[in-house]
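Here is the structure we will look at, set down as structure tokens.
All chains are named by letter (A, B, ...) in the order of the sequence lines, taking the proteins before the strands, and each is independently numbered beginning at 1.
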Amino acid sequence: MTKKERVLKLRELLDKAYPDVKCSLNYTTPLEMLIATQMSAQCTDARVNIITETLFKKYRNAEDFANADYDELCEDIKSAGFYRNKAKNIILCCQRLIDVYGGEVPDTMEDLTSLAGTGRKTANLVLGDIFGKPAVVVDTHCKRIAKRIGLTTNDDPTKVEMDLKKIVPSDYQLRMCHQFVAHGRAVCTARNPKCAVCPIKEVCKSAGKC
DNA sequence: CTCCCGATAT
DNA sequence: ATATCAGGAG
């Protein structure tokens, strides 16, 4: 089986196992999605959702975040971890949104990654989920699973992204990444993956070997 | 490559 | 006790 044939089979199996995937972060605007995603670094989405439930009532737009008091914002998001970096980045990011983008979230990779705290993973998620563009979102789950399945041998997230872009149809890329996250949480966990009950084990090079 | 960092599962 | 959680910056 070629890589593309395996991707086709993979898609069939993932669609059956995870038919209703979506971003598990709660948000109501593009800005909220951007901020929530920035905060989700090395932190569970469930924790971010607890924080943002009150955070987004206190700070309602880019201007509110841009004018936020640093120490106060630190306290507001402390439980997310890396809170000093994240608070600083949120403020800098929103100041640039105000100064350069009229307070709106831009829709290109170049513009998004020019914002503080916004790398390719966050940018791709915004491009895909907010603007409906093709996007390969390489987070910890996507990287781990792509490697285990055998779709890449690279460890660098940008290289993994390029590998997946080559072999996955553009209209399926974002959906597959969401499915990888769901699969990574429920079955293909970092420690002790449940290969015995894995719905995609027939296309996985590492089945039973992790 | 290292640092940032609290919360949770194992 | 330790690994891991939808990463990014210096």
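- The nearest whole Å value for the distance from the NZ atom in A:Lys78 to the P atom in B:dA7 is 8 Å.
- The side-chain hydrogen bond (donor to acceptor under 3.5 Å, both in side chains) test applied to A:Glu32 returns A:Thr28, not counting sequence neighbours.
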Return the polar atom pairs (N/O with N/O) between nucleotides 8-10 of chain B and the protein under 3.5 Å, or none.
{"from": "B:dT8", "atom 1": "OP1", "to": "A:Arg47", "atom 2": "NH2", "distance (Å)": "2.7"}

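- A salt bridge does not link A:Glu202 with A:Arg6: none of the charged nitrogens is closer than 4.0 Å to a carboxylate oxygen.
- Note on residues 175-196 of chain A: pairs passing salt bridge (Lys or Arg N to Asp or Glu O under 4.0 Å), not counting sequence neighbours, are A:Asp15-A:Arg175, A:Asp45-A:Arg185.
- Crowding of A:Glu5 atom CD: a count of heavy atoms from other residues, nucleotides or ligands under 6.0 Å exceeding 12.
- Here, C:dA6 and B:dT10 have their P atoms 13 Å apart, quoted to the whole Å.
- Atom CD1 of A:Ile77 and atom P of B:dC4 are 16 Å apart (whole Å).
- Remark: the A:Asp76 side chain and the A:Tyr83 side chain contain no N/O donor-acceptor pair separated by less than 3.5 Å.
- B:dC5 and C:dT4 are spaced 13 Å apart, taking the C1' atom of each and rounding to whole Å.
- Remark: the A:Asp111 side chain and the A:Ser114 side chain contain no N/O donor-acceptor pair separated by less than 3.5 Å.
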Quick tally for nucleotides 5-10 of chain C: nucleotides whose base has a protein heavy atom under 4.0 Å get B, sugar-phosphate-only ones S, the rest -, giving BBBSS-
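- For the P atoms, the distance linking C:dA9 with B:dA7 amounts to 24 Å, nearest Å.
- Shown here are the salt bridge (charged side-chain N to carboxylate O under 4.0 Å, His left out) partners of A:Lys3, two or more places apart in sequence or in another chain: there are none.
- Residue pairs meeting the side-chain hydrogen bond (donor to acceptor under 3.5 Å, both in side chains) criterion with at least one partner in residues 155-164 of chain A, sequence neighbours excluded, are A:Arg120-A:Glu161, A:Asn124-A:Glu161, A:Lys147-A:Asp155, A:Thr152-A:Asp163, A:Asn154-A:Asp163.
- One can place CE of A:Met39 at 14 Å from C1' of B:dG6, the figure rounded to the nearest angstrom.
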